[in-house]
A.B. asks: 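The structure that follows is given in the form of structure tokens.
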2 protein chains.
Amino acid sequence: MIDNQKEHPTDRVIRSIQAMLHDGTISSGGKVPSERVLAESLGTTRGYVRIALQRLEHYGVIVIYPQKGIYVSPIKPITLDAIINNILRFKEHDIASLMETRRPLEIESARLAAIRCTPEDIERIVQAHENFKQAYTEGKPTLEEDHLFHLAIAKGTCNTVLESLITLITPEIITMNKDFKENYSVVVKHSLEEHRQIVLALQAKDPQRAMQAMDIHMDNSRKRRIGNPVPETAHMTDNSEETYETETHAR
Amino acid sequence: MIDNQKEHPTDRVIRSIQAMLHDGTISSGGKVPSERVLAESLGTTRGYVRIALQRLEHYGVIVIYPQKGIYVSPIKPITLDAIINNILRFKEHDIASLMETRRPLEIESARLAAIRCTPEDIERIVQAHENFKQAYTEGKPTLEEDHLFHLAIAKGTCNTVLESLITLITPEIITMNKDFKENYSVVVKHSLEEHRQIVLALQAKDPQRAMQAMDIHMDNSRKRRIGNPVPETAHMTDNSEETYETETHAR
DNA sequence: CCATACCAACTGGTTAACCAGTTGGATCAT
DNA sequence: ATGATCCAACTGGTTAACCAGTTGGTATGG
């Protein structure tokens with residue numbers, strides 16, 4: 001195997017463990033060699049092995065039992081392999097992929113929030129919207145108020161996973177948009193109006209309307225940020241009802 | 001603040017840093033005290049501080065410059081706060097939330113795959129489908145072949161974030177479904193047919209049809225797994241008042 | 001008085017040693 | 001032969017010490 005020397009030691013360890021899973025040195029459900037053995041056989045230090053193992057545990061690949069040993073999750077090697085590949089490439093995110101993935105998450109977030117959010121949630125959402133508006137009228141940056149509005153909605157979904165994922169991609173989008181300048185006033189004004197439509201839909205507890213409002217908002221956000229480079233056919237803004245029709249058709 | 005002594009040291013460190021952001025001890029864009037200082041002031045060891053900081057960096061809250069110092073991301077404290085809360089509660093995932101969130105991700109995955117996947121992607125997807133079918137005919141467990149089919153589709157989206165997120169929630173769903181028994185033969189047979197419809201849509205490169213097929217599959221999967229507990233009123237356009245009362249109490 | 005060179009203190013990165021619980025086999029009483 | 005017992009070796013958890021860059025103030029030469 002080619003061991004790129006520039007690669008971070010922990011990544012090398014993870015890759016080595018992946019290789020061991022490949023060649024059967026360690027197998028699904030079985031035991032992983034101890035930290036010390038791994039460190040020695042991989043020519044590195046225990047500290048790096050430790051960090052690598054903790055990352056693998058965090059992603060559910062292994063389970064660590066203190067004073068006992070390390071065991072591979074009872075998942076097939078090929079699945080483990082896919083997960084590990086994902087761990088190794090985790091940070092290779094581009095702005096287009098981020099915004100593209102954000103869309104369905106936010107739409108679902110709006111739908112569930114419309115169904116489940118409490119009056120307190122609504123209040124928080126409205127407050128976030130007001131903060132956004134105020135920052136705008138004061139001529140201050142609004143990027144984060146924007147995202148806080150969306151996080152407030154996510155909190156109203158009663159769905160921990162959805163909230164987690166939306167929160168997870170938020171900082172990446174924020175930092176990637178930090179250097180993004182445009183005709184500020186106009187852009188934000190549009191966003192504000194779109195947010196207002198979302199708030200109205202949530203207050204009316206109308207999931208369909210919330211989804212539609214959020215979809216429009218996401219689509220416009222993308223256009224404002226990266227133009228319209230996403231492959232043509234998929235998304236039709238003019239007849240979005242049809243999209244929803246099909247999406248919910250089977251339900 | 002209540003410092004639960006049973007809490008893991010790293011979580012305590014993260015919570016302390018969160019508190020420091022709250023009371024302004026450290027501020028957005030500013031410098032975080034050095035690892036040693038943090039360790040001493042928090043009454044813990046440097047190792048735990050280190051792990052905590054690495055987690056925070058992984059989630060974009062801070063940036064660590066070797067031999068220089070640690071700096072807070074130039075994001076507003078309130079946003080950072082939300083992100084940190086998310087980090088601390090990251091594992092509190094339930095199967096209902098997982099499957100609920102999986103649906104829009106998979107639908108988008110199917111849509112993008114239908115638009116962008118190459119012949120090689122199609123081949124991989126078909127192969128994964130065949131593997132699933134074979135495992136079924138041999139009477140073997142099929143849970144993972146099922147997910148590998150979906151991962152193959154995600155790989156065809158050319159969207160690194162979407163692929164990451166789907167991969168991220170896969171092991172959780174698999175392990176949560178490990179102990180899930182049902183009338184196996186019938187269930188898998190239905191899944192197979194649903195998968196076949198998805199494959200056909202992808203081969204036809206028809207995003208709408210792919211979305212629809214995936215939606216049906218996700219909906220049936222959820223029903224097979226956890227019955228039909230998700231509020232169904234979402235699709236009805238009238239009765240907003242009634243849903244309000246019932247839904248919000250589910251919290 | 002100013003520019004420069006230097007050095008001590010501090011940074012995160014890394015390594016090795018120590019700790020307490022677990023395990024499994026050798027040993028010994030039955 | 002069998003069972004309980006004990007102890008050495010091994011486990012991951014934790015801590016402290018060492019390393020190599022960076023920094024910023026200070027002393028020194030112009």
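No experiment lies behind these values; they were computed from the predicted model shown. By convention in this document, chain letters (A, B, ...) are assigned in the order of the sequence lines, proteins followed by strands, and residues within each chain are numbered from 1.
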A.B. asks: Heavy atoms of chain B, cut-off under 4.0 Å: which first and last nucleotide of DNA chain C, 5' to 3', fall inside that, if you could look?
C.D. replies: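 Terminal contacting nucleotides, 5' to 3': dT11(C) to dT14(C).
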A.B. asks: Quick check: are there more than 12 heavy atoms from other residues, nucleotides or ligands sitting under 6.0 Å from CG of Leu192(A)?
C.D. replies: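 Check passes, neighbour count above 12.
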A.B. asks: Hey, are Glu163(A) and Asn159(A) close enough side-chain-wise for a donor-acceptor pair under 3.5 Å?
C.D. replies: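 Not at all, the side chains of Asn159(A) and Glu163(A) share no donor-acceptor pair under 3.5 Å.
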A.B. asks: Show, in sequence, the C-alpha distance, side-chain angles and deciding distance for Leu165(A) and Ile169(A), and conclude whether the side-chain contact (heavy atoms from CB on, under 4.5 Å) test is met.
C.D. replies: CA-CA 6 Å; Leu165(A) 296 190; Ile169(A) 64 177; 6.0 Å; no
A.B. asks: Let's go through Met99(A) and Ser221(A) carefully: what are the C-alpha distance in whole Å and the side-chain angles of both, what is the deciding distance for side-chain contact (heavy atoms from CB on, under 4.5 Å) to 0.1 Å, and is it a yes or a no?
C.D. replies: CA-CA 9 Å; Met99(A) 300 202 70; Ser221(A) 291; 4.3 Å; yes
A.B. asks: Answer with base, sugar-phosphate or nothing: what part of the nucleic acid does Leu53(B) contact at a heavy-atom distance below 4.0 Å?
C.D. replies: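 Since no nucleic acid heavy atom lies under 4.0 Å of Leu53(B), the category is nothing.
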A.B. asks: Please list all pairs passing the side chain to side chain donor-acceptor pair (under 3.5 Å) test where one or both residues lie in residues 54-67 of chain A, with sequence neighbours left out.
C.D. replies: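 Matches after skipping sequence neighbours: Asp11(A)-Arg55(A).
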A.B. asks: Look at atom CG of Leu88(B) and say whether more than 12 heavy atoms of other residues, nucleotides or ligands are closer to it than 6.0 Å.
C.D. replies: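 Yes, enclosed.
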A.B. asks: On DNA chain C, does the nearest nucleotide to Lys68(A) precede the nearest nucleotide to Arg36(B) from the 5' side, or the other way round? Give the residue.
C.D. replies: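 Nearest-nucleotide comparison on DNA chain C picks Arg36(B).
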A.B. asks: In terms of heavy-atom contacts, does CD of Glu123(B) have more than 12 from other residues, nucleotides or ligands at under 6.0 Å?
C.D. replies: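 Atom CD in Glu123(B) is not packed in, count stays at 12 or less.
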A.B. asks: Would you mind telling me which residue lines up with the more 5' stretch of DNA chain D, Glu35(A) or Thr44(B), judged by nearest nucleotide?
C.D. replies: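 It is Glu35(A) whose nearest nucleotide is closer to the 5' end.
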A.B. asks: Between Arg222(A) and Arg102(A), is there a side-chain heavy-atom distance shorter than 4.5 Å?
C.D. replies: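 No, too far: nothing below the 4.5 Å cut-off.
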A.B. asks: Check every strand shown and say whether Ile70(A) touches a base, only sugar-phosphate, or nothing at a heavy-atom separation below 4.0 Å.
C.D. replies: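 Answer is sugar-phosphate: Ile70(A) comes under 4.0 Å of backbone atoms only.
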A.B. asks: Please give the angle, rounded to 10 degrees, between the axes at the start and the end of the helix from dC1(C)-dG30(D) to dT30(C)-dA1(D), where five pairs define each axis.
C.D. replies: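 For the helix from dC1(C)-dG30(D) to dT30(C)-dA1(D), the axes at either end differ by 30°.
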